[in-house]
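Notes for the one structure printed next.
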Amino acid sequence: MKLKIPPESFQTVRNIIVNSMHPDEIREDNELEEGIKALEEQEELLKELQSRITEFGQYYDEHICNVHLITEHDIDRLFEVMSHTNIIQYLQGKSLLQHSQAIKRLYKYMKENDLDKELTVFDRDFIRELPKGMDALRKKLKEFEEEREMEHLPREEQVKIKKEQIKEIAKNIFPGSLKLLRYPKI
(Lines give C-alpha, C1' and ligand atoms only; values in the text may rest on other atoms or scores of the structure.)
Protein backbone atom coordinates (compact mmCIF):
# COMPACT_ATOMS: atom_id res chain seq x y z
CA MET A 1 0.00 0.00 0.00
CA LYS A 2 2.72 2.47 0.98
CA LEU A 3 4.35 2.08 -2.43
CA LYS A 4 1.13 3.23 -4.09
CA ILE A 5 0.95 6.53 -2.21
CA PRO A 6 2.92 9.12 -4.14
CA PRO A 7 4.99 11.33 -1.81
CA GLU A 8 3.92 14.20 -4.04
CA SER A 9 0.45 13.99 -2.47
CA PHE A 10 1.88 15.48 0.71
CA GLN A 11 3.64 18.19 -1.27
CA THR A 12 0.54 18.99 -3.33
CA VAL A 13 -1.60 19.57 -0.24
CA ARG A 14 1.15 21.60 1.40
CA ASN A 15 1.70 23.76 -1.68
CA ILE A 16 -1.98 24.53 -2.16
CA ILE A 17 -2.30 25.70 1.44
CA VAL A 18 0.97 27.63 1.50
CA ASN A 19 0.20 29.35 -1.80
CA SER A 20 -3.24 30.39 -0.55
CA MET A 21 -1.92 32.19 2.52
CA HIS A 22 0.53 34.89 3.43
CA PRO A 23 3.52 33.44 5.37
CA ASP A 24 2.54 35.52 8.42
CA GLU A 25 -0.92 33.92 8.40
CA ILE A 26 0.64 30.47 8.55
CA ARG A 27 2.91 31.45 11.44
CA GLU A 28 -0.06 32.91 13.31
CA ASP A 29 -2.05 29.68 13.01
CA ASN A 30 0.07 27.23 15.01
CA GLU A 31 -2.09 24.25 14.10
CA LEU A 32 -1.83 24.91 10.36
CA GLU A 33 1.91 25.40 10.67
CA GLU A 34 2.20 22.16 12.65
CA GLY A 35 0.10 20.35 10.04
CA ILE A 36 2.29 21.60 7.20
CA LYS A 37 5.42 20.45 9.02
CA ALA A 38 3.79 17.09 9.72
CA LEU A 39 3.04 16.65 6.00
CA GLU A 40 6.66 17.46 5.18
CA GLU A 41 7.83 14.89 7.74
CA GLN A 42 5.42 12.25 6.40
CA GLU A 43 6.60 12.94 2.86
CA GLU A 44 10.27 12.49 3.77
CA LEU A 45 9.60 9.29 5.72
CA LEU A 46 7.51 7.88 2.89
CA LYS A 47 10.22 8.70 0.33
CA GLU A 48 12.79 6.93 2.46
CA LEU A 49 10.55 3.90 2.99
CA GLN A 50 9.70 3.60 -0.70
CA SER A 51 13.33 4.06 -1.69
CA ARG A 52 14.57 1.29 0.60
CA ILE A 53 11.85 -1.13 -0.52
CA THR A 54 12.35 -0.33 -4.21
CA GLU A 55 16.15 -0.61 -3.96
CA PHE A 56 15.90 -4.03 -2.33
CA GLY A 57 13.33 -5.14 -4.91
CA GLN A 58 15.72 -4.16 -7.69
CA TYR A 59 18.60 -5.89 -5.94
CA TYR A 60 16.48 -9.02 -5.56
CA ASP A 61 15.42 -8.99 -9.22
CA GLU A 62 18.91 -8.28 -10.55
CA HIS A 63 21.02 -10.44 -8.26
CA ILE A 64 19.07 -13.10 -6.44
CA CYS A 65 16.71 -14.03 -9.29
CA ASN A 66 19.50 -14.12 -11.87
CA VAL A 67 21.84 -16.26 -9.78
CA HIS A 68 19.07 -18.39 -8.21
CA LEU A 69 21.00 -18.40 -4.96
CA ILE A 70 20.48 -16.59 -1.71
CA THR A 71 23.71 -15.86 0.12
CA GLU A 72 24.44 -14.76 3.68
CA HIS A 73 25.05 -11.28 2.24
CA ASP A 74 21.56 -11.29 0.68
CA ILE A 75 19.96 -12.30 3.96
CA ASP A 76 21.97 -9.67 5.82
CA ARG A 77 20.84 -7.06 3.33
CA LEU A 78 17.22 -8.16 3.74
CA PHE A 79 17.49 -7.90 7.52
CA GLU A 80 18.90 -4.40 7.17
CA VAL A 81 16.02 -3.31 4.92
CA MET A 82 13.54 -4.86 7.35
CA SER A 83 15.20 -2.96 10.20
CA HIS A 84 14.95 0.34 8.36
CA THR A 85 11.33 -0.26 7.37
CA ASN A 86 10.32 -1.11 10.96
CA ILE A 87 11.93 2.07 12.25
CA ILE A 88 10.47 4.24 9.49
CA GLN A 89 6.98 2.82 9.97
CA TYR A 90 7.22 3.48 13.69
CA LEU A 91 8.24 7.08 13.01
CA GLN A 92 5.41 7.51 10.49
CA GLY A 93 2.83 6.23 12.93
CA LYS A 94 4.19 8.23 15.84
CA SER A 95 4.22 11.43 13.81
CA LEU A 96 0.73 10.84 12.46
CA LEU A 97 -0.59 10.20 15.95
CA GLN A 98 1.11 13.30 17.35
CA HIS A 99 -0.12 15.56 14.56
CA SER A 100 -3.50 14.07 13.66
CA GLN A 101 -5.44 17.11 14.92
CA ALA A 102 -3.22 19.48 12.94
CA ILE A 103 -3.68 17.37 9.79
CA LYS A 104 -7.45 17.39 10.34
CA ARG A 105 -7.18 21.18 10.62
CA LEU A 106 -5.42 21.31 7.23
CA TYR A 107 -8.27 19.45 5.58
CA LYS A 108 -10.86 21.61 7.35
CA TYR A 109 -9.04 24.76 6.20
CA MET A 110 -8.99 23.44 2.64
CA LYS A 111 -12.73 22.66 2.74
CA GLU A 112 -13.62 26.06 4.24
CA ASN A 113 -11.66 27.86 1.54
CA ASP A 114 -12.66 25.58 -1.36
CA LEU A 115 -9.02 24.60 -1.78
CA ASP A 116 -9.92 20.92 -1.70
CA LYS A 117 -11.36 21.38 -5.20
CA GLU A 118 -7.80 21.96 -6.46
CA LEU A 119 -6.85 18.45 -5.40
CA THR A 120 -7.25 15.31 -7.43
CA VAL A 121 -9.87 12.90 -6.11
CA PHE A 122 -7.04 10.67 -4.86
CA ASP A 123 -5.30 13.51 -2.99
CA ARG A 124 -8.56 14.79 -1.52
CA ASP A 125 -9.48 11.32 -0.23
CA PHE A 126 -5.92 10.81 0.94
CA ILE A 127 -5.73 13.98 3.09
CA ARG A 128 -9.25 13.46 4.44
CA GLU A 129 -8.54 9.85 5.43
CA LEU A 130 -4.96 10.33 6.67
CA PRO A 131 -5.81 11.27 10.27
CA LYS A 132 -8.58 8.68 10.67
CA GLY A 133 -8.16 5.44 12.56
CA MET A 134 -6.11 6.88 15.41
CA ASP A 135 -7.35 4.29 17.93
CA ALA A 136 -6.19 1.47 15.69
CA LEU A 137 -2.89 3.26 15.06
CA ARG A 138 -2.37 3.78 18.80
CA LYS A 139 -2.83 0.02 19.34
CA LYS A 140 -0.53 -0.82 16.44
CA LEU A 141 2.20 1.46 17.77
CA LYS A 142 2.26 -0.59 20.99
CA GLU A 143 3.80 -3.37 18.88
CA PHE A 144 6.78 -1.10 18.23
CA GLU A 145 8.04 -1.21 21.81
CA GLU A 146 11.68 -1.84 20.82
CA GLU A 147 11.63 1.07 18.37
CA ARG A 148 10.23 3.38 21.03
CA GLU A 149 12.86 2.31 23.57
CA MET A 150 15.77 2.98 21.21
CA GLU A 151 14.37 6.09 19.55
CA HIS A 152 16.89 8.31 21.35
CA LEU A 153 19.81 6.50 19.68
CA PRO A 154 21.34 7.51 16.34
CA ARG A 155 19.60 5.81 13.40
CA GLU A 156 22.63 3.64 12.57
CA GLU A 157 22.61 2.24 16.09
CA GLN A 158 18.86 1.63 15.94
CA VAL A 159 19.26 -0.30 12.68
CA LYS A 160 22.08 -2.37 14.14
CA ILE A 161 20.00 -3.31 17.21
CA LYS A 162 16.85 -3.99 15.18
CA LYS A 163 18.81 -6.14 12.74
CA GLU A 164 20.06 -8.32 15.60
CA GLN A 165 16.49 -8.65 16.91
CA ILE A 166 15.29 -9.74 13.48
CA LYS A 167 18.14 -12.27 13.23
CA GLU A 168 17.06 -13.79 16.55
CA ILE A 169 13.45 -14.03 15.38
CA ALA A 170 14.60 -15.66 12.13
CA LYS A 171 16.74 -18.19 14.02
CA ASN A 172 13.68 -19.26 16.00
CA ILE A 173 11.40 -19.46 12.94
CA PHE A 174 13.84 -21.03 10.45
CA PRO A 175 14.05 -24.57 11.91
CA GLY A 176 10.25 -24.91 11.87
CA SER A 177 10.08 -23.57 8.33
CA LEU A 178 12.58 -26.14 7.06
CA LYS A 179 10.26 -28.95 8.14
CA LEU A 180 7.59 -27.56 5.79
CA LEU A 181 9.89 -27.77 2.77
CA ARG A 182 9.94 -30.91 0.66
CA TYR A 183 13.56 -30.38 -0.22
CA PRO A 184 16.36 -29.90 0.19
CA LYS A 185 16.65 -32.22 3.16
CA ILE A 186 18.99 -30.70 5.70
Side-chain angles (χ1 to χ4, degrees), residues 1-55 81-163 165-166:
M1 173 63 184
K2 296 225 185 251
L3 287 176
K4 294 180 182 179
I5 299 171
E8 296 78 27
S9 291
F10 293 105
Q11 192 175 41
T12 300
V13 171
R14 180 199 167 282
N15 288 345
I16 289 172
I17 292 171
V18 168
N19 292 336
S20 75
M21 300 177 80
H22 189 274
D24 291 338
E25 287 179 284
I26 295 172
R27 283 190 288 277
E28 290 170 7
D29 189 328
N30 292 339
E31 204 167 39
L32 274 180
E33 186 175 35
E34 177 188 339
I36 289 168
K37 288 179 181 174
L39 289 182
E40 291 168 352
E41 181 180 15
Q42 288 290 323
E43 178 185 6
E44 290 308 309
L45 289 168
L46 182 59
K47 282 180 181 178
E48 182 182 357
L49 179 69
Q50 289 177 341
S51 172
R52 292 198 182 274
I53 292 170
T54 302
E55 283 174 18
V81 170
M82 291 170 69
S83 300
H84 279 285
T85 57
N86 273 19
I87 292 165
I88 293 166
Q89 288 179 327
Y90 165 72
L91 293 172
Q92 285 176 314
K94 179 183 166 211
S95 173
L96 189 56
L97 199 56
Q98 283 178 326
H99 304 292
S100 64
Q101 290 305 314
I103 294 170
K104 283 180 188 177
R105 170 75 174 99
L106 289 178
Y107 182 69
K108 183 179 176 188
Y109 173 83
M110 293 186 84
K111 285 286 283 180
E112 289 169 350
N113 294 284
D114 288 328
L115 298 174
D116 61 320
K117 291 178 174 58
E118 295 181 38
L119 295 170
T120 64
V121 172
F122 178 87
D123 287 346
R124 187 173 35 254
D125 291 346
F126 166 73
I127 193 65
R128 183 183 62 239
E129 298 297 320
L130 188 62
K132 291 187 178 176
M134 290 300 112
D135 289 337
L137 178 58
R138 198 172 284 109
K139 287 177 187 171
K140 190 74 177 161
L141 278 177
K142 289 180 181 176
E143 296 174 17
F144 287 91
E145 186 175 325
E146 290 105 359
E147 287 79 358
R148 186 174 41 258
E149 289 175 359
M150 63 182 173
E151 187 176 4
H152 66 282
L153 298 171
R155 178 72 77 90
E156 303 82 38
E157 189 67 24
Q158 291 179 41
V159 170
K160 191 174 168 183
I161 292 168
K162 191 66 191 172
K163 195 169 157 183
Q165 292 170 346
I166 291 171

Looking at [Y] and [X], is there a salt bridge between them, counting it only when a charged N and a carboxylate O are closer than 4.0 Å?
X	Y	value
R155	E48	yes
D116	R128	no
E43	R14	no
E143	K140	yes

Approximate separation, where rounding is to 0.5 Å, of [X] [atom1] and [Y] [atom2]:
X	Y	atom1	atom2	value
I36	H99	CD1	NE2	13.0 Å
I16	D123	CD1	CG	7.5 Å
E156	S83	CD	OG	13.0 Å
I166	I161	CD1	CD1	12.0 Å
Q101	E31	CD	CD	6.5 Å
L91	E41	CG	CD	7.5 Å

Answer whether the closest heavy-atom distance between the side chains of [X] and [Y] falls below 4.5 Å.
X	Y	result
M82	K162	no
L46	Q50	yes
P131	Y107	no
N86	Q165	no
L39	I127	yes

- request: Can you label the angle between the F10 ring and the F126 ring as parallel, tilted or perpendicular, going by 30° and 60°?
  value: perpendicular

For [Y], does its backbone N or O pair with a side-chain atom of [X] as donor and acceptor, under 3.5 Å?
X	Y	result
E157	P154	no
Q92	Q42	no
T54	S51	no

Which of E145, R148, E146 passes side chain to side chain contact (heavy atoms under 4.5 Å, CB included) with Y90? It is R148

query = Under the side-chain contact (heavy atoms from CB on, under 4.5 Å) criterion, do E147 and Q158 qualify, and how do the steps go?
reply = CA-CA 8 Å; E147 287 79 358; Q158 291 179 41; 5.9 Å; no

What's the verdict on side-chain contact (heavy atoms from CB on, under 4.5 Å) for K94 and E151, showing C-alpha distance, side-chain angles and the deciding distance? CA-CA 11 Å; K94 179 183 166 211; E151 187 176 4; 2.3 Å; yes

Nearest heavy-atom approach of G93 to L137 is O-CD2, 3.5 Å

Original post:
For atom CD of E112, is the number of surrounding heavy atoms from other residues, nucleotides or ligands below 6.0 Å larger than 12?
Top reply: yes

